[in-house]
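Presented below is the structure to which this report refers.
Every chain is numbered from 1, with letters handed out A, B, ... down the list of sequences.
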Amino acid sequence: MSDVLIACEGVEVVYGTRRQNLGLEPGGIKVLHGIDLEIRRGESVGIVGESGSGKSTLGRAILRLGDVAAGAIRFAGEDITRFSEARMRPLRRRMQMIFQDPMASLNPRHRIRRILAEPMLFHRVCAAGEAGARIKRLIDRVGLHEAALERYPHELSGGQRQRVGIARAVLLEPEFVVADEIVSGLDVSTQAQALNLLKGLCRDLGLAMAFIGHDLSVIRAVCDRVYVLQHGRVVESGNCNQVFAAPRADYTRALIDAIPLPEPDPHWLARESLPS
Amino acid sequence: MIVSVINRLVVAAITLVGVGAIVFVLLRVVPGDPIAMMISPGASPADIAALRARYGLDADLATQFWMWLKALLSGDFGMSISLRRGVLSLLAERLPATLELAFAALALAVALGLFLAVLGTLARRTVCEPLIDALNGLALAVPDFVWALALVLAFGVFVPVLPLSGRINPSIDEGFVTHFYLIESLLRLKLTAFADVASHMAMPVIALGLPLAAVIVRLLKEALKEAMVQDYVLLARLKGMSELRLILQEALRNAIGPTLALTGVQFTFLIGGTVIVERIFSYPGIGNMAVDAVINRDLPLIQGLVLMFGLIFILVNLAVDALAAFFNPRLRHG
Amino acid sequence: MAEQVSSVAPISSDRARKVRRLIGRGRRFLSLDAKVAFGGLIILIGLALAIFAPLISPADPLEQDLMSATLPPIGFAGADPAHLLGTDDLGRDVLARLLYGGRVAFTVAFVAAGLAGLIGTVLGLVAGWYGRLADTIVSRLIDIWMAFPPVLLSILLVAVFGSGLHSVIAAIVIIDWTRFARVVRAETMAQAALDYVTAARAIGFPRLHVLLNEIVPNLWPVIVALLSLEAGIAVIVEAILSFVGLSVSSDTPTWGGMIASGRQILHQGWWVLAAPLAVLFVTVLAFNLFGEGMRRTLDPVMRR
Amino acid sequence: MSPILTIERLSARVQSRDQEILSKVSLSLERGEVMGLVGESGAGKSTIGKALLGILPRDVVITGGAIRYDGRDLLALPARERRQLLGAEITLIPQDPQTALNPGRRIEAQLTDGLRMKRGLSGTQAHDKALALLEEVHIREPERVLAAYPHELSGGMRQRVLIAAAFALEPRLVIADEPTTALDVTVQKQILRLIRSMQEAHGTAVVFVTHDLGVVAQICDSVTLLYGGTVIEAGPTANMLVHPGHPYTRALIDACPRYDRPDAGLHPVPDGVISAMRRDLSQRYGRPV
């Protein structure tokens with residue numbers, strides 16, 4: 001078995017193809033123009049881009065949470081591009097997602113215990129009697145108190161909710177997770193905690209991860225490789241060490257140059273980055 | 001833009017045909033025999049059959065519907081059985097009365113609604129606000145039917161200052177050329193007649209307008225409140241604008257669009273409400289006529305009336321869409 | 001944040017947790033907001049009066065007594081203490097008729113609202129969640145329904161079905177399912193766009209499971225509020241139909257029927273109109289308050 | 001020359017929660033200086049910004065201290081004089097360009113409000129001035145932009161318009177409230193450059209509210225770091241970010257991820273640093289921090 005877990009070949013996604021208004025209105029905006037991408041087992045890959053780059057769309061397409069117009073997505077060698085919902089179901093356990101807005105991604109009507117237990121029981125990850133113990137272990141691992149299990153999502157803080165989101169994804173013991181902009185709303189110290197946690201979990205569980213973000217500095221902290229997206233196309237990809245040391249694409253260079261480091265640099269502001 | 005207009009019109013046409021079909025089928029299964037209600041006791045079976053044939057009631061359902069539709073397209077709405085007159089001319093005679101009523105109520109509701117919404121926004125976080133909200137909640141919860149009867153008690157019995165029924169005092173004969181009495185009397189400066197028509201309309205207009213005004217107040221006030229905490233209002237406040245000017249110049253134009261769409265729907269409810277309110281005040285509009293038509297099993301008239309209501313509904317909705325586009329620069333520019 | 005975690009008191013055992021949850025539920029139930037309490041109280045009182053009408057009614061609502069016709073209520077000149085709220089033009093006791101009329105009103109309110117709610121909610125859920133053809137059909141139906149003036153349609157339907165309690169209820173259900181369908185459809189679509197639904201799909205839950213277990217619990221506040229509003233509307237529609245003379249048979253007392261006869265003898269006995277009108281007013285208001293309050297009370301986020 | 005702005009022992013509390021959210025905050029800003037007001041959420045940085053502009057929520061009351069602008073105490077000033085200053089001499093660059101422009105009014109109307117109301121310019125005068133302003137913030141086709149509605153402009157363009165509006169009346173103090181948080185990084189850099197060049201050209205002092213130490217490092221002359229409504233450390237940027245005096249400052253800098261160091265961004269502020277600082281602050285200000 002090859003160690004490539006996820007492979008995208010020429011993936012295209014078009015929005016608004018659903019025939020609206022009696023089919024009179026021509027719709028369809030292409031947001032992804034043929035993306036090629038590979039993620040190996042246990043590898044953390046960054047997908048970075050500015051707003052409108054299609055990075056979140058790509059993340060959802062990989063998990064088959066959005067329709068793919070053209071191209072192929074392979075999971076562990078199997079072409080899942082046209083899988084029905086029923087055929088996807090057993091695979092769902094193996095590929096999970098952590099969402100950007102933890103408030104919106106947790107059902108406001110369910111207690112945390114139910115949010116965590118239900119997916120495990122549905123996928124029969126373990127015997128019903130064992131679920132409680134597993135949840136307890138993991139909740140401890142992500143740094144939450146057990147009492148949080150009896151709370152509703154709105155009773156937790158933003159950072160705590162994000163940990164619940166991470167725990168939910170990891171409890172299914174997946175091989176792959178998509179983390180979609182999961183630290184963008186957090187303060188730096190909370191962000192560092194979340195990144196630490198995620199990186200540790202990936203290492204301990206041998207998880208492969210697609211880390212979607214807009215901040216190259218954050219990508220640098222957690223990822224081995226990086227794909228840079230612009231207007232729905234991959235403009236550069238490669239090992240982080242190499243990409244950050246010597247970016248080949250102008251756009252990557254511009255993105256890097258635009259990041260202000262917490263270290264006064266009298267020339268930074270004047271340095272022209274993007275020939276716009 | 002053009003596509004969406006065409007789309008709207010197609011949907012409107014489907015809706016109208018649907019309305020026609022439903023009412024048509026519904027009426028054919030009515031147990032009451034419309035012919036039985038119009039014949040004199042001594043009519044022979046041959047007479048009855050002749051009458052049936054005359055009103056096309058002897059054919060099967062599909063044929064009847066087809067004939068009706070064909071006639072409709074050529075502008076023939078048929079004959080009223082109970083009133084023995086053309087449906088179209090009856091509608092033309094009664095519709096203006098209802099239109100005057102509905103639009104007067106709309107005008108009242110919009111004026112009152114705008115005023116109270118702005119006042120409520122100005123008075124937010126003062127003791128006045130909960131008071132306005134409570135009164136508004138009351139007006140919102142209680143429907144036109146109840147308001148109409150409450151007004152009957154108040155201004156018909158306890159302080160009898162307003163006429164309880166009809167549209168105009170029969171002793172006033174101005175020889176109206178149109179059926180728009182209110183507008184015509186005003187344009188021709190017949191002020192006595194105008195005052196009389198207006199006083200007859202006062203109670204039904206208030207009963208119909210009050211709930212709609214309450215809807216407008218609630219929606220608009222909510223939208224204004226939301227707009228007033230936006231950063232652009234904050235910046236305008238920093239520029240030194242007065243509170244009233246902030247509301248009128250900055251917030252209102254953004255609040256009015258969403259309010260308008262829902263007000264349009266509510267206006268169609270208001271038009272629906274004319275049926276019972278006209279009944280209560282014996283006001284000679286199409287609503288009152290509709291109740292009589294149903295009680296008399298007057299099929300052609302019912303069909304014509306329902307279709308008329310459907311048409312009004314669709315026109316109101318199209319007008320609202322157009323207005324909403326006008327108030328929203330985003331829609332205006334495609 | 002670490003501090004927030006530690007401020008959550010640890011719980012020793014499952015039993016303690018259960019007790020705590022029960023206490024929490026009780027407290028939540030008691031901390032009803034004023035609207036729910038006030039509206040609910042009035043509805044309960046009205047319901048009790050209607051149910052126990054045969055026991056507490058001061059008189060037979062159908063018994064005519066032309067000798068004591070149009071007697072004013074207590075406190076007005078010429079009142080008879082036996083008739084607290086006076087009598088109508090046939091000498092029937094107004095209070096007794098109000099109590100018995102309540103039976104029809106509340107029956108219609110609960111049954112019609114429940115059925116309309118059930119049908120409308122199911123259709124709204126199907127249209128909003130499964131979309132495509134189901135949505136097109138339901139949306140078109142709603143469009144057509146909205147183009148009928150509801151009062152006219154209800155009169156028409158009762159004319160078709162023939163008068164009687166069942167016809168009235170059927171007419172209200174046929175007309176007002178759209179209120180539920182419209183709102184539930186829109187609300188379902190709004191919920192479906194939220195990430196907790198995407199999360200459920202990412203877990204692999206079947207569509208029906210996602211609808212029933214994830215989305216529907218979030219619709220309860222809206223549905224309950226609509227049900228309460230609809231109960232108020234049903235009472236009004238029944239009254240309107242009785243007013244026009246199309247509701248239940250004329251020898252059953254109804255508020256609408258009382259209003260109709262009151263309208264006839266406005267100048268001889270205003271109370272025959274005023275009494276049922278006041279009752280109608282209070283009932284509708286109570287259902288509105290209750291519904292509005294429940295929407296807040298049932299919402300876990302707004303309740304904070 | 002005296003500072004353009006000094007804040008002296010400013011305290012504020014939220015009435016409904018009966019909680020102090022600013023405790024004896026003092027800072028001072030020279031003419032033409034850019035000061036970064038930094039801190040994590042809840043540190044009180046935007047409360048100070050709002051207090052300067054007199055736009056605190058109703059629930060928040062100032063319980064002590066003074067805000068001296070050009071020698072005058074803003075808090076003691078008669079309301080009319082205060083209104084004269086605010087929006088003319090002290091202006092705001094808001095955070096979110098999406099909501100800071102009225103979607104229903106053309107750019108020209110919004111840009112010239114202040115010119116017409118506070119400077120009494122005529123329509124044509126205001127139009128010419130607005131054109132000049134848009135050119136100054138490097139907007140091409142200024143005529144077209146003046147006639148546009150906000151939704152026709154990109155986020156970066158809108159922020160440029162807002163900067164033009166903030167500098168329209170030649171203010172002496174601009175409060176920039178996280179003005180680049182909602183923007184993409186490449187646009188952020190352009191906007192930062194624009195703010196700095198406008199500020200230098202007009203000699204305007206700027207209070208730059210932000211949570212991003214990187215932005216502070218590149219654009220601010222001095223920094224004031226806040227935590228829990230108190231000042232932790234203040235000083236010239238170059239000095240403070242390179243040689244932080246407080247352990248919290250040090251820890252915060254270390255917590256920032258950086259693309260040039262793969263291990264940065266994985267060091268949360270140690271709990272020990274936070275608890276020691278809290279203990280210290282609680283003692284000093286007599287309230288839980």
Could you tell me whether the side chain of [Y] reaches within less than 4.5 Å of the side chain of [X], counting heavy atoms only?
| X | Y | answer |
| --- | --- | --- |
| A/Ser105 | C/Thr198 | no |
| A/Glu118 | C/Ile203 | no |
| A/Pro108 | C/Tyr196 | yes |
| A/Arg89 | C/Phe205 | no |
| C/Pro206 | A/Phe122 | yes |
| C/Leu298 | A/Arg109 | yes |

Just give me the residue among A/Leu63, A/Val178, A/Leu106 that pairs up with chain C most often, heavy atom to heavy atom, under 4.5 Å.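 Most pairs with chain C among the choices: A/Leu106.
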
Next on the checklist: So which residue, A/His110, A/Met97, A/Arg93, ends up with the most heavy-atom pairs under 4.5 Å with chain C?
Outcome noted: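 Of the candidates given, the most pairs with chain C belong to A/His110.
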
(Q) Are more than 12 heavy atoms, taken from residues, nucleotides or ligands other than A/Arg124, located less than 6.0 Å from that residue's CZ atom? (A)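 Check fails, neighbour count at 12 or below.
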
| message | Just checking A/Asp67: does its CG atom have more than 12 heavy atoms from other residues, nucleotides or ligands closer to it than 6.0 angstrom? | response |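 Atom CG in A/Asp67 is not packed in, count stays at 12 or less.
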
Region of A/Arg114 that comes under 4.5 Å of a non-hydrogen atom in chain C:
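The side chain, not the backbone.
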
Query raised in the report: So what's closer than 4.5 Å to chain C heavy atoms on A/Leu65: side chain, backbone, both or neither?
Result: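 For A/Leu65, backbone and side chain are both near chain C.
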
> Within the distance-only criterion (no hydrogens, no angle test), does the side chain of C/Glu214 pair as donor or acceptor with the backbone N or O of A/Asn107 below 3.5 angstrom?
Replying inline: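 Between the backbone of A/Asn107 and the side chain of C/Glu214 there is no qualifying donor-acceptor contact (under 3.5 Å).
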
